[in-house]
Amino acid sequence: MATEPSNAAIAGGADSPEPWSARVRTLTRLGRHREALAFLRHGDPSPPPHALALPAAVISCAKLYLASGVAQIHALAAKRGLLPSSDAYLLSALLSSYSRLRLLPLAHQLLDELPLASTAPATARTAFNSLISGCALHGLPAVGCFSLFRRMRVAAGVRFDAVTLLTLVPVAPLGVVPQLHALAARSGLAANTSVANCFMSVYARGGGADLARQVFEEMPRASRDLVSWNAVISAHAQNGLAVEALELYRRMRGPEGGGVEPDAVTLVGVLSSCAHTGARRVGLDVERYVRERIPGFRNNLPLCNALINFHARCGSLPEAHELFDEMPERSIVSWTALIIGYGMHGQGDVAVDLFEMMVSEATAPDNVAMVGLLSACSHAGMYDEGRKYFSTMERDYCLQPKLEHYTCMVDLLGRAGRLDEARELIASMPMAADGAVWGALLGACKIHRNVEMGEEAFKRVINLEPTNVGYYVLMANIYTDAGQLDGVAKVRAMMRQRGLKKEPGCSYVEHKGKVHLFMADDHSHPEAKRIYELVVKLERMVKEKTGGGDDVAEERSEKEEAEAAAPLVGFHSEKLAVAFGLLNTEAGSEIVVIKNLRVCGGCHSFLKTVSALTNRAFLVRDASRFHRFEDGACSCRDYW
DNA sequence: GAACACTAGG
């Protein structure tokens, strides 16, 4: 009968070189705590004093929540004279075990007995670190950790080390992190790679991507490891700085990375950033890397979810769904990513079906899933379903509607033209509406040309977010559509006065591994001349086909009419990007355009007609959703 | 020692 070597070593035999106390330690390390304790009980009780066995046994007792076992060993060790300070391992095992068992008085008693004058500094340091990390790891109040830290430095005069910081910093209240950082810098420990990495991730969690970045940039290149890159990339990805995250990833892969290979954690951050910016090429490269180089990625939930999210948001819904179907195990995040994806493609019915399927598989929706579902209903004009889910979320799923759900509902009602209902919903909110809620109402007023309510929403929203340019632009457009030029001038003056500039629209197309970026009226592309010629030609063809614009006149605002009358102004970026695509790709292939702002009404009807004229399909991702133009129609059915 | 999904709008 074959015996596994490790078992043989543990079981021990006449020929085993491992003393029994070392075997106890091995069993503890393997998590076989009951066996370890059984071994201790039946082992040779004679001296030497079990230097390895007793600390291991303490840990095994703590893992099994056997407080009496810890106490017994404690007593035994005291009798043998191993405590308080002659066995540093035992001391730290007892301290961390007492904190695990929440027997803090016993831990403090042990620490109080420590004769600091005659204890080696390293032992004292380990003792404090054990108790601090025990308190931190087991969710005991951070205050306790900090008073211990203070006692360690001030009362006991013991120097802290990197381990102290690595346990303390993650549980520190955000406000004191900079102070700890300064302390770390003064003691020279801030240069330690793990310590720097730790500060980066803590800053990131508190929204301080800039601080994490600063730590990273100040690290010498040679001391940056994979974790450093992961921490700084994730810091930006988590805080919505997708462009910066991708730039950091580029640096990591270049000479600056010094050959550090990304792992699953890196790629999760990168994929999330690709999903947000629409960086399809980078994301597809990452996907290939994942499939080739990350063995078992299908069992890595965050990684699979990040891939699903990437495909769903970058125009490959079928790929997203396929990955979802192939997952051995799914989480609420997997469902939510797919629901949001279908919502963005205007397929609210599929999003609702997925949601119901998720619920029927006993996955309870959370706030984020509800946001995804409600916004899917909103984009598909599913007024009744949206209302139903919103009104039952508390009863059916124990979820209290939060600001973001009200935002979705105001958007849903407003988009459907029920502005008064939307306004009433805001008035009925149990909390004060924030900028997003009023902004959604403002957006609805733009769609339905309601100057009066728009003015109210605008007043509210700029009170809450005075520097958010988008709202000024929306209000200006409402006035423009209504022909109230004095209103436009007023808003423009406010913007000027506050130093706000409209963010320019830009679109890009990927072609042969290169990104081709276009701004409105932008002539910097090498093929600009041909592109503009094509746009002008297409505009002429569109005008002919649509009978001089008669049948689209209803959809056009006066501003857009003005643009149509003078086609040489207002070359919106999506027109240029589509023209580039038409010039550079063969018939039959889909042209994918990613845009930072919403498609305007003029470009929307232009692209519909051009899709019919050229017999091509265009997939355009704008600020919040996809439009697929084909055969003269758009997948949004002109509801967006 | 680091990870996935979050509304609206320009």
Side-chain angles (χ1 to χ4, degrees), chain A residues 166 169-170 193-202 204-205 212 225-235 237-238 240 262-272 275-276 300-310 312-313 331-341 343 365-376 378-379 402-412 414-415 434-447 457-458 461 465 468-477 495 500-506 595-598 600 622-625:
Chain A
L166 293 174
V169 173
T193 299
S194 299
V195 171
N197 294 346
C198 177
F199 276 109
M200 280 195 270
S201 60
V202 170
R205 227 181 301 142
D225 63 5
L226 174 61
V227 178
S228 318
W229 285 103
N230 286 352
V232 75
I233 289 172
S234 306
Q238 282 165 26
D263 69 354
V265 177
T266 327
L267 302 176
V268 164
V270 174
L271 283 168
S272 157
H276 280 103
N300 187 323
L301 210 44
L303 185 54
C304 287
N305 292 341
L307 280 170
I308 291 173
N309 183 44
F310 163 71
R313 301 187 78 112
S331 71
I332 177 93
V333 177
S334 329
W335 290 96
T336 305
L338 205 55
I339 288 170
I340 290 170
D366 62 5
N367 284 323
V368 184
M370 290 309 305
V371 167
L373 178 70
L374 293 176
S375 84
S378 178
H379 283 300
K402 305 210 311 177
L403 281 168
E404 50 272 39
H405 304 111
Y406 282 101
T407 304
C408 291
M409 285 311 292
V410 169
D411 180 59
L412 178 116
R415 216 182 274 280
D434 68 352
V437 174
W438 288 111
L441 187 68
L442 185 62
C445 292
K446 158 77 171 65
I447 296 173
F458 179 66
V461 83
E465 292 180 35
N468 193 326
V469 199
Y471 301 133
Y472 296 86
V473 178
L474 264 178
M475 191 66 228
N477 288 345
M495 289 174 70
L500 302 172
K501 270 218 158 66
K502 182 183 163 177
E503 183 185 319
C506 68
K595 186 174 187 214
N596 65 336
L597 306 178
R598 257 170 66 115
C600 76
D622 76 3
S624 61
R625 62 164 299 150

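Convention: sequence-line order gives letters A, B, ...; per-chain numbering from 1. These values consider heavy atoms only, across backbone and side chains, with no hydrogens, waters or symmetry-generated copies.
- At a threshold of 4.0 angstrom between heavy atoms, the contacts of Arg415(A) are confined to the sugar-phosphate backbone, with no base atom among them.
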Stepwise side-chain contact (heavy atoms from CB on, under 4.5 Å) test for Val469(A) and Glu503(A): CA-CA 8 Å; Val469(A) 199; Glu503(A) 183 185 319; over 6 Å; no
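- If you check every strand for non-hydrogen atoms under 4.0 Å, Asn468(A) touches a base.
- Among the heavy atoms of the strands, none lies under 4.0 Å from Ala623(A).
- Counting any heavy atom pair closer than 4.0 Å across all strands shown, Asn596(A) reaches no nucleic acid atom.
- Annotation: side chain of Leu412(A) is not in contact with side chain of Leu374(A) (no heavy-atom distance under 4.5 Å).
- Shown here are the salt bridge (charged side-chain N to carboxylate O under 4.0 Å, His left out) partners of Asp411(A), two or more places apart in sequence or in another chain: Arg415(A).
- Nucleic acid contact class of Asp225(A) (heavy atoms, under 4.0 Å, all strands): none.
- Counting any heavy atom pair closer than 4.0 Å across all strands shown, Ser624(A) reaches sugar-phosphate atoms only and no base atom.
- Using a 4.0 Å heavy-atom cutoff across all strands shown, Leu166(A) reaches sugar-phosphate atoms only and no base atom.
- Using a 4.0 Å heavy-atom criterion, one finds that Ile340(A) contacts the sugar-phosphate atoms exclusively.
- Contacts of Val473(A) with the nucleic acid, taken as non-hydrogen atoms under 4.0 Å apart, involve only primed sugar atoms and P, OP1 or OP2.
- Residue contacts for Asn197(A): at a heavy-atom cut-off of 4.0 Å it reaches no nucleic acid atom on any strand shown.
- In summary, contact between chain A and DNA chain B, defined as any nucleotide atom under 4.0 Å from a heavy atom of the protein, begins and ends at dG1(B) to dG10(B) in the 5' to 3' direction.
- Residues that satisfy the ring pair (Phe, Tyr, Trp, His ring centres under 6.0 Å) test with Trp438(A), not counting sequence neighbours, are absent from this structure.
- Partners of Asn300(A) by side-chain hydrogen bond (donor to acceptor under 3.5 Å, both in side chains), not counting sequence neighbours: none found.
- Contacts of Val368(A) with the nucleic acid, taken as non-hydrogen atoms under 4.0 Å apart, include base atoms.
- Applying the side-chain contact (heavy atoms from CB on, under 4.5 Å) rule to Asp366(A) yields the partners Ile332(A), Val368(A), Ala369(A); only residues at least two apart in sequence or on another chain are considered.
- Partners of Asp622(A) by side-chain hydrogen bond (donor to acceptor under 3.5 Å, both in side chains), not counting sequence neighbours, listed by chain and number: His627(A).
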